[in-house]
Asks: 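Shown below is the structure under consideration.
For the numbers below, each heavy atom of this structure counts, side chains included, while hydrogens, waters and symmetry mates do not.
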Amino acid sequence: VCVVIPAYNVADSIGDVVKGALQHVSAVFVADDGSRDATTDNASRAGAFVIRMEKNQGKGCALKRLFETAMQKGFEAVISMDGDGQHDPREIPRFIDAHRKNPDAIIV
């Protein structure tokens, strides 16, 4: 299980989100969707693998790229979080546990 984060102009919060997620998973992938701030740099410094999209293409496109990347890297499941801090990384273990109990389910 890895964490994927579509991100757009969230330089102030992305580092904390990535660091929090890395306490529970081995990999975090961030798709910087054309940000004009330091989102890419801050995510990378926090330990994320960053995909830089040159222009804003929307959250759906960013998620698609992230899902493809996670699959290519051999992950069987992803947890999607927002880069603005609205999702608490401390909840990740609950999602991992639910995935283990129901590996074919989409868990929201």
Asks: For a quick test of reading the model, state the closest non-hydrogen atom pair linking Ala43 to Val50 and the distance between them.
Replies: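 So the minimum-distance heavy-atom pair works out to CB-CG2, 3.8 Å.
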
Asks: Verify the cluster assignment for Val28 and Val17: are they in a single hydrophobic cluster under the rule of side-chain heavy atoms below 4.5 Å apart?
Replies: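 Per the 4.5 Å side-chain linkage, Val28 and Val17 are co-clustered.
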
Asks: Once rounded to the nearest 0.5 Å, what's the spacing between atom CG of Asp41 and atom CD1 of Ile14?
Replies: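 Asp41 CG to Ile14 CD1: 12.0 Å, rounded to 0.5 Å.
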
Asks: Under the 4.5 Å side-chain heavy-atom rule for ILVMFWY, direct or indirect, which residues accompany Ile106?
Replies: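 Grouped by the 4.5 Å side-chain rule, Val108 form the rest of the cluster around Ile106.
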
Asks: Around Asp97, counting heavy atoms of other residues, nucleotides and ligands shown, do more than 12 lie under 6.0 Å from its CG?
Replies: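 Yes.
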
Asks: Ignoring hydrogens, what is the shortest heavy-atom contact between Val30 and Ala48? Give both atom names and the distance.
Replies: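 For Val30 and Ala48, the tightest heavy-atom pair comes out as CG2-CB, 3.7 Å.
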
Asks: Any side-chain heavy atom of Ile96 within less than 4.5 Å of one from Ile79?
Replies: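 Counting from C-beta outward, Ile96 and Ile79 do come under 4.5 Å.
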
Asks: Roughly how far, to the nearest 0.5 Å, is the CD1 atom of Ile92 from the CE atom of Met81?
Replies: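 Answer rounded to 0.5 Å: 4.5 Å.
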
Asks: In Å, rounded to the nearest 0.5 Å, how long is the span from CZ of Arg52 to OG1 of Thr40?
Replies: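 Between Arg52 CZ and Thr40 OG1, I get 4.5 Å after rounding to 0.5 Å.
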
Asks: Tell me whether the count of non-hydrogen atoms from other residues, nucleotides or ligands lying under 6.0 Å of CZ in Arg94 goes above 12.
Replies: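 It does not: Arg94 CZ has 12 such atoms or fewer within range.
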
Asks: Please walk me through it: do Leu66 and Val78 pass side-chain contact (heavy atoms from CB on, under 4.5 Å)?
Replies: CA-CA 9 Å; Leu66 289 162; Val78 300; over 6 Å; no

Asks: Evaluate side-chain contact (heavy atoms from CB on, under 4.5 Å) for Tyr8 paired with Arg36, printing each intermediate quantity in order.
Replies: CA-CA 8 Å; Tyr8 180 69; Arg36 289 170 268 133; 2.6 Å; yes

Asks: Quick check on side-chain contact (heavy atoms from CB on, under 4.5 Å): which of Thr39, Asn9, Ile5 does Asp32 satisfy it with?
Replies: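 Answer after filtering Thr39, Asn9, Ile5: Thr39.
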
Asks: Quick one, His24 with Val1, criterion side-chain contact (heavy atoms from CB on, under 4.5 Å). Give me CA distance, side-chain angles, the key distance, then yes/no.
Replies: CA-CA 10 Å; His24 307 286; Val1 177; over 6 Å; no

Asks: Name every donor-acceptor pair, under 3.5 Å, that has one atom in a side chain of residues 56-64 and the other anywhere in the protein, sequence neighbours excluded.
Replies:
| unit_1 | atom_1 | unit_2 | atom_2 | d |
| --- | --- | --- | --- | --- |
| Asn56 | ND2 | Asp33 | O | 3.0 |
| Asn56 | ND2 | Asp33 | OD2 | 3.2 |
| Lys59 | NZ | Asp82 | OD1 | 3.0 |

Asks: Are Leu22 and Val10 connected into the same hydrophobic cluster when the rule is that any two of I, L, V, M, F, W, Y join if their side-chain heavy atoms are below 4.5 Å apart?
Replies: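 Per the 4.5 Å side-chain linkage, Val10 and Leu22 are co-clustered.
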
Asks: How long is the straight-line distance from NZ of Lys73 back to CZ of Phe49, given to the nearest 0.5 Å?
Replies: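 Between Phe49 CZ and Lys73 NZ, I get 5.0 Å after rounding to 0.5 Å.
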
Asks: Among all residues two or more places apart in sequence or in another chain, which pass the side-chain hydrogen bond (donor to acceptor under 3.5 Å, both in side chains) test with His99?
Replies: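 Partners of His99 by the side-chain hydrogen bond (donor to acceptor under 3.5 Å, both in side chains) criterion, ordered by chain and then number, come out as Glu76.
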
Asks: For Ala27 versus Cys2, what's the shortest heavy-atom pair and its separation?
Replies: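 Scanning both residues, the minimum pair turns out to be O-CB, 3.4 Å.
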
Asks: Is there a path of hydrophobic side-chain contacts, each under 4.5 Å between heavy atoms of I, L, V, M, F, W or Y residues, that connects Val25 with Val4?
Replies: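 Cluster IDs for Val25 and Val4 differ.
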
